[in-house]
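Right, one structure below, let's go through it.
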Protein chains: 2
Amino acid sequence: MSQTTTAQTTTAQTRRQPTPLNGVDTPALFATIDVVKAQPELAAFQFRATNRWISGTNSRTRIESFSGAGGEHTHARVFEYDADHPAVLVGKDEGPLPVEFLLVALTSCLTSGIGNIAAARGVTLTEVTSTIEGDMDAQGILGLSDRVRNGYSRLRVHFTIKGDAPPEKLRAILEQSKARSAVFDVITNGTPVDISVDAG
Amino acid sequence: MSQTTTAQTTTAQTRRQPTPLNGVDTPALFATIDVVKAQPELAAFQFRATNRWISGTNSRTRIESFSGAGGEHTHARVFEYDADHPAVLVGKDEGPLPVEFLLVALTSCLTSGIGNIAAARGVTLTEVTSTIEGDMDAQGILGLSDRVRNGYSRLRVHFTIKGDAPPEKLRAILEQSKARSAVFDVITNGTPVDISVDAG
């Protein structure tokens with residue numbers, strides 16, 4: 001009981017006197033959370049991209065703007081990414097495979113969360129690295145088997161986290177990041193996708 | 001009945017005399033499919049990435065090698081991608097948001113499929129462009145509501161496809177791409193993710 005009280009007091013103190021940490025503007029983060037708490041309609045975001053086929057399996061995706069927090073926003077610069085298949089899958093290797101961009105999305109989302117949550121909990125991080133691997137049986141995408149799924153059968157992520165907190169506190173930061181990760185949610189639980197087309 | 005027979009004959013002819021089209025080495029694509037059909041163990045692929053936290057919500061993911069088709073492969077070059085949160089989400093906008101990389105993965109996967117399938121069906125493409133948008137209520141990731149999911153509630157993709165085939169044939173190519181898309185499968189159906197950590 002006294003342990004619980006102590007923990008609550010610590011949390012309250014952290015929230016009362018946040019200081020920037022790990023490159024996170026912790027006061028701004030808490031202020032943002034408070035503003036959205038008061039006006040939940042500000043939480044509505046829409047992210048967008050456009051893609052243009054170049055040749056073969058090579059295409060280029062452009063990310064420029066999004067809406068959220070009650071307005072339209074333009075990124076600091078336009079981000080463009082080529083994707084392609086490698087030679088062994090009959091492409092020109094002009095970019096990673098589309099399935100490799102899923103690995104970028106998942107590791108970076110969990111890592112962003114670790115940065116934010118560690119700062120909110122007053123933990124200074126010295127290292128966050130991760131490796132991710134995904135298993136895929138290409139019989140699915142090659143149309144050779146209806147019993148094999150097209151996508152990854154399983155993904156594994158391994159983190160190394162170092163900082164000025166005991167191992168259990170660092171592990172708890174990762175757990176909280178996973179519990180609040182947008183990409184982890186989409187990849188583990190799935191999201192409905194509507195596809196429409198103008199053809200001709 | 002005769003229509004079915006005609007369709008089968010056309011398919012068989014296409015497979016007998018494939019020619020490169022749309023930048024796709026169609027003979028190599030069919031040869032690859034035949035080799036994997038004969039040796040299904042060659043279909044086992046593993047894709048990988050490593051991620052390193054930089055500061056705040058900014059991290060960098062590196063993609064370099066993968067295994068598949070019975071061996072190890074190195075990409076033509078190392079691909080590195082920064083992800084970050086934008087200012088409105090208290091980041092420095094050093095890269096797209098992790099959830100925006102999901103948009104790259106999905107549009108580029110469907111588009112790669114369209115390139116391959118059109119070539120396999122003898123259709124010359126002149127344009128494949130798409131826009132994608134995803135709705136997200138940030139109350140989830142900000143920890144303000146347990147009733148709101150963390151990830152996208154819905155994604156919408158709109159394609160424009162032009163080529164030397166009637167609209168229904170172009171639409172069927174998109175349908176087949178969707179039916180064989182690795183990323184569409186992962187995003188709509190979900191994939192198990194194992195996370196482990198060394199902390200301290």
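Every chain is numbered from 1, with letters handed out A, B, ... down the list of sequences. Basis for what follows: all heavy atoms, side chains included, without hydrogens, waters or symmetry-related copies.
Between A:Ser153 and B:Pro192, the closest heavy-atom pair is O-CD, 3.4 Å. In this structure, A:Gly23 and B:Ser55 approach most closely via the heavy-atom pair CA-OG, 3.3 Å. Looking at every heavy atom in both residues, B:Leu174 comes nearest to A:Ser196 through CD2-O, 4.5 Å. What you find for A:Arg171 and B:Ala199 is that their closest heavy atoms are CG-CB, 3.9 Å. Pairing each heavy atom of A:Gly200 with each of B:Pro167, the nearest pair is CA-CG, 4.1 Å. When all heavy atoms of A:Leu144 and B:Val36 are compared, the pair lying nearest together is CD1-CG1, 3.7 Å.
Only the side chain of B:His85 has a heavy atom closer than 4.5 Å to any heavy atom of chain A. Heavy atoms closer than 4.5 Å to chain B are found nowhere in A:Glu41, neither backbone nor side chain. With a 4.5 angstrom heavy-atom cutoff, B:Pro86 touches chain A only via side-chain atoms. Using a 4.5 Å cut-off between heavy atoms, A:Leu106 touches chain B through its side chain atoms alone. Of the atoms belonging to B:Ile132, heavy atoms from both backbone and side chain fall under 4.5 Å from chain A. In this structure, chain A has a heavy atom under 4.5 Å from the side chain of B:Leu89, while its backbone stays farther away. For a residue to count as touching a neighbouring chain, one of its non-hydrogen atoms must lie under 4.5 Å from one of that chain's; by this rule A:His158 touches chain B with backbone and side chain alike.
Contact count versus chain B (heavy atoms, under 4.5 Å) is highest, among A:Leu103, A:Thr191, A:Val24, for A:Thr191. By number of non-hydrogen pairs under 4.5 angstrom with chain B, the leading residue of A:Thr61, A:Thr111, A:Asp185, A:Leu125 is A:Asp185.
In this structure, B:Asn150 contributes its side chain and A:Ala179 its backbone to a donor-acceptor pair below 3.5 Å. The closest donor-acceptor contact from the side chain of A:Lys37 to the backbone of B:Gln139 lies at 3.5 Å or more, if one exists at all. A donor-acceptor pair is defined here as one N or O able to donate and one able to accept, closer than 3.5 Å; no such pair exists between the side chain of B:Asn22 and the backbone of A:Gly56. Judged by distance alone, the side chain of A:Ser112 and the main-chain N or O of B:Thr57 form a donor-acceptor pair under 3.5 Å. At distances below 3.5 Å, at least one donor-acceptor pair connects side-chain atoms of A:Asp93 with backbone N or O atoms of B:Ala76.
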Apply side-chain contact (heavy atoms from CB on, under 4.5 Å) to B:Thr50 and A:Thr129, showing your working.
CA-CA 7 Å; B:Thr50 56; A:Thr129 51; over 6 Å; no
Practice task
Might you work through the side-chain contact (heavy atoms from CB on, under 4.5 Å) test for B:Val197 and A:Ile161, ending with a clear yes or no?
Solution key: CA-CA 7 Å; B:Val197 59; A:Ile161 307 179; 3.9 Å; yes
Report task. Please assess B:Ile195 against A:Lys178 for the test side-chain contact (heavy atoms from CB on, under 4.5 Å), listing each intermediate value before the final yes or no. Result -> CA-CA 9 Å; B:Ile195 300 183; A:Lys178 182 178 150 187; 3.7 Å; yes
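The pair B:Arg180-A:Asp146 meets the salt-bridge criterion, with a side-chain N (NZ, NE, NH1 or NH2) lying under 4.0 Å from an Asp/Glu carboxylate O. Salt-bridge check for A:Asp194 with B:Arg156: failed, with every basic side-chain N at 4.0 Å or more from each acidic carboxylate O.
Outside the 6.0 Å centre-distance limit, the rings of A:Phe79 and B:Tyr81 are not counted as a close aromatic pair.
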